[in-house]
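Contents: one structure, followed by commentary.
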Amino acid sequence: MVKVLDGKALAARYTDQLRGLTSALSRPPGLAVVLVGEDPASQVYVRRKGQVAEKLGFVHRQIDLPASASEAEILAVVDQLNGDSTIDGILVQLPLPKHVSTIRVMDRIAPEKDADGFTAVSSGKLSQGRPETIACTPLGVMKLLEESGVKLDGLDAVVIGRSNIVGRPMAQLLEQANCTVTVAHSRSRNIEAVVRRSEVVVAAVGRPEFVRGEWIREGAVVIDVGMNRLADGRLVGDVEYEPAAQRASAITPVPGGVGPMTIAMLMNNTYEAAVRRQG
Ligand code: NAP
């Protein structure tokens with residue numbers, strides 16, 4: 001019988017715990033979210049993050065900039081937040097408009113306020129195996145794997161996708177948990193064969209039902225990071241859920257799997273930044 005990894009319930013447990021911890025701080029953690037433009041998906045994510053932050057009693061600030069905002073204007077907002085003592089965590093919602101360098105904006109965020117874990121300092125520390133702030137989605141996936149009860153040590157894992165925000169840090173975390181990790185991407189040959197032999201499958205591709213259910217090895221743990229909106233309005237993951245669930249020992253649903261954990265880990269990172277900054 002497959003175990004459905006309920007990210008919504010697990011995220012609620014984490015945020016309940018955080019609410020208790022937050023009340024013991026001398027001042028509430030502060031989270032600032034910068035939204036550039038009016039991408040509908042980004043608006044939904046940002047709203048949800050704000051709601052959770054407020055429920056936790058965090059100070060929450062949202063800064064909306066038009067899609068036409070210049071890189072210099074965005075950097076000026078980041079500079080101002082870096083210097084704001086009430087703000088512990090800064091998040092610039094991605095994707096940014098094409099005329100703006102994501103790397104330059106990420107690198108402007110003070111590493112000690114890097115709630116998303118996307119700065120070069122945070123990724124560098126993770127890649128050296130001494131993580132400080134870990135990117136929220138891969139961190140949430142690690143918590144879901146813990147929840148699955150699987151012992152990762154020595155397992156064959158595949159991560160499909162190698163983005164800086166999901167696939168690459170995910171592969172590093174699995175390798176640091178002693179998995180043997182294959183990273184697949186758009187130039188990989190025969191991903192099916194790699195998935196068929198993998199005991200842990202993390203799909204972060206951004207293509208609806210890219211991983212066929214029949215590829216899943218009997219008893220594998222399957223984590224579906226993908227969130228794809230179909231023309232009929234349905235939200236589906238990167239894995240063909242029903243047939244995969246018949247073969248897997250544990251699987252995340254979409255929605256209600258990785259998504260809520262990403263937000264919970266953002267709160268966790270902001271809380272930890274506040275604790276560090278308060279000494
Ligand atoms: P991304 O930056 O577009 O990266 C996608 C990765 O998939 C790239 O490494 C790309 O390879 C690879 N890829 C694309 N087509 C492929 C193919 N046909 N075969 C094999 N690999 C292929 O996306 P992302 O930001 O990592 O996000 C991935 C997915 O996760 C999206 O659906 C996104 O919406 C979702 N997401 C969910 C959450 C959450 O909280 N649930 C958070 C973040 C992202 P190349 O490197 O070769 O181009």
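Whatever order the structure lists them in is the order used to number ligands and atoms, beginning at 1. Here, residue 1 is the first one in the sequence, and each next residue gets the next number. Below, each value reflects all heavy atoms present in this structure, side chains not excepted, and no hydrogens, waters or symmetry copies.
Donor-acceptor pairing under 3.5 Å is recorded for the side chains of Asp238 and Asn228. Checking Thr270 against Asp88 by side-chain atom types alone, no donor-acceptor pair falls below 3.5 Å. Side-chain N/O atoms of Gln80 and Asn82 include no donor and acceptor closer than 3.5 Å.
For atom 8 (C) of ligand 1, the nearest non-hydrogen atom of the protein is Arg162 N, 4.0 Å. The shortest contact between atom 31 (C) of ligand 1 and any protein heavy atom is with Gly206 CA, 3.6 Å. Counting protein heavy atoms only, atom 42 (C) of ligand 1 is closest to Thr137 OG1, 3.2 Å. Taking atom 17 (C) of ligand 1 as the reference point, the nearest protein heavy-atom neighbour is Phe210 CE1, 3.7 Å. Atom 43 (C) of ligand 1 has as its closest protein heavy atom Val166 CG2, 3.8 Å. Of the protein's non-hydrogen atoms, the one nearest atom 34 (O) of ligand 1 is Met227 O, 3.6 Å. If you check which protein heavy atom lies closest to atom 35 (C) of ligand 1, you get Val225 O, 3.5 Å. Nearest protein heavy-atom neighbour of atom 21 (N) of ligand 1: His185 C, 3.1 Å.
Close approach of ligand 1 to Arg207 is summarised as follows: ligand atoms under 4.0 Å from at least one heavy atom of the residue are 14 (C), 15 (N), 16 (C), 18 (N). When each atom of ligand 1 is checked for a heavy atom of Ala204 under 4.0 Å away, the hits are 5 (C), 6 (C), 7 (O), 28 (C). Listed by number with element, the atoms of ligand 1 under 4.0 Å from a non-hydrogen atom of Ile191 are 19 (N), 20 (C). Close approach of ligand 1 to Thr262 (heavy-atom distance below 4.0 Å) involves ligand atoms 39 (C), 40 (O). Numbered from 1 in the order shown, with element, the atoms of ligand 1 that lie under 4.0 Å from a heavy atom of Asn228 read 32 (O). Near Gly161, meaning under 4.0 Å from any of its heavy atoms, are these atoms of ligand 1: 6 (C), 7 (O), 9 (O).
Taking each heavy atom of Ile109 and Thr119 in turn, the nearest pair found is O-CG2, 3.7 Å. When all heavy atoms of Ala9 and Asp6 are compared, the pair lying nearest together is N-OD1, 3.0 Å. When every heavy atom of Ala115 is checked against every heavy atom of Leu31, the shortest pair comes out as CB-CD1, 4.3 Å.
Considering both main-chain and side-chain atoms, Asp238 never comes within under 3.5 Å of ligand 1 through any nitrogen or oxygen pair. For a threshold of 3.5 Å applied to N or O pairs, the pair formed by Arg187 and ligand 1 contains no separation below that value. Where the criterion is an N or O separation shorter than 3.5 Å, residue side chain and backbone included, Gly167 fails it with respect to ligand 1.
Interatomic distance, CG of Asp156 versus OG1 of Thr182, reported as 7.0 Å (0.5 Å rounding).
Judged by distance alone, the side chain of Ser188 and the main-chain N or O of Ile191 form no donor-acceptor pair under 3.5 Å.
Between Arg61 and Asp84 there is a salt bridge, since at least one side-chain N of the basic residue sits less than 4.0 Å from a carboxylate O of the acidic one. Electrostatic pairing of Asp153 and Lys151 does not count as a salt bridge here, judged by no charged N lying under 4.0 Å from a carboxylate O. Of the charged side-chain nitrogens involved, none lies within less than 4.0 Å of a carboxylate oxygen, so that Glu272 and Arg277 do not count as a salt-bridged pair. A salt bridge links Asp16 with Arg19; the closest basic N to acidic carboxylate O contact falls under 4.0 Å.
Residues Val33 and Ile63 have side chains not in contact (no heavy-atom distance under 4.5 Å, counting atoms from C-beta outward).
Taking a distance limit of 4.0 Å, we find that atom 45 (P) of ligand 1 is approached by some protein heavy atom.
Distances from atom 16 (C) of ligand 1 to the heavy atoms of Val205, Val254, Ile165, Val236 put Val205 nearest. By heavy-atom distance, the residue among Ala203, Gly226, Ser186, Pro208 lying nearest atom 48 (O) of ligand 1 is Ser186. Looking at Gly257, Gly259, Ser163, it is Ser163 that brings a heavy atom closest to atom 26 (O) of ligand 1.
Of the heavy atoms in Met261, none comes closer than 4.0 Å to ligand 1.
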